[in-house]
Amino acid sequence: MKAVDHILVAATKVPGLIFCSGQTPIDGSGKLVPGGIREHTLQCIKNLEKVLKHAGASLENVVKVNIFLKNMDDFAAVNEVYEKAMPTPKPARSCFQAGKLPNDVIVEIECIASV
């Protein structure tokens, strides 16, 4: 994503809310983490957690999640990871199959948090 870094922000904060941009399964060095949908979903959530922390919030503040999947057949596996990684009570959530995601990843997750 280096070619468009100048137009991307990890989050936008407005009074009472934090809108987190979609996170893909990349590590701190910008490389795709190894593994399949479970590992990639967990990395997306970890990345969101870092963005939220930087903005003064946490996963506990999340009120809405949008998940974008390359293949809806991964829905059950994503749910397994999501159930364990996200705090209870779970936020409202939508999940969509996307035609193509950035860098051809298999999952991207975005969220909105309250502050």
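Heavy-atom basis, side chains included; hydrogens, waters and symmetry copies ignored.
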Tell me, with the steps shown, if N103 and T24 meet side-chain contact (heavy atoms from CB on, under 4.5 Å). CA-CA 9 Å; N103 297 319; T24 59; 5.6 Å; no
Kindly compute the distance separating CZ (R93) from CG (N66), expressed to the nearest 0.5 Å. 10.0 Å
same_hphob_cluster(V105, L48) at 4.5 Å side-chain heavy-atom cutoff: no
Does F68 belong to the same Ile/Leu/Val/Met/Phe/Trp/Tyr cluster as V78, with side-chain heavy atoms less than 4.5 Å apart forming each link? no
Are M86 and V63 joined in one hydrophobic group, where the rule is that I, L, V, M, F, W and Y side chains link up if heavy atoms are under 4.5 Å apart? no
I need the single residue from D73, V81, D74 that forms a side chain to side chain contact (heavy atoms under 4.5 Å, CB included) with I37. Which is it? D74
Considering all heavy atoms, the nearest L101-K70 contact: CD1-N, 3.9 Å
Chi angles and distances behind the side-chain contact (heavy atoms from CB on, under 4.5 Å) call for I109, Q23: CA-CA 5 Å; I109 305 175; Q23 297 297 307; 5.6 Å; no
Apply side-chain hydrogen bond (donor to acceptor under 3.5 Å, both in side chains) to the pair N79 and E83, showing each step before the final yes or no. CA-CA 6 Å; N79 283 339; E83 174 65 30; over 6 Å; no
How long is the straight-line distance from CD1 of I106 back to OG1 of T41, given to the nearest 0.5 Å? 7.0 Å
Identify whether F96 and F75 are in the same connected component of the hydrophobic contact network (ILVMFWY, side-chain heavy atoms under 4.5 Å). no
Nearest 0.5 Å please: distance from the CG atom of L52 over to the CD1 atom of I112. 11.5 Å
Chi angles and distances behind the side-chain contact (heavy atoms from CB on, under 4.5 Å) call for V65, C111: CA-CA 4 Å; V65 172; C111 72; 4.2 Å; yes
Which heavy atom in V33 sits nearest to a heavy atom in H40, and how many Å separate them? O-NE2, 2.9 Å
Atom CG of L59 and atom NZ of K90: how far apart are they, to the nearest 0.5 Å? 10.0 Å
Distance from E49 atom CD to S58 atom OG, nearest 0.5 Å? 7.5 Å
Closest contact, heavy atoms only, S94 versus K64: OG-NZ, 2.7 Å
Hphob cluster co-occupancy, V51 + V9, side-chain heavy atoms under 4.5 angstrom: no
With rounding to the nearest 0.5 Å, note down the distance linking CD in E39 to SG in C44. 11.5 Å
Over all heavy atoms of both residues, which pair between P25 and V107 is shortest? Give the atoms and the distance, please. CD-O, 3.4 Å
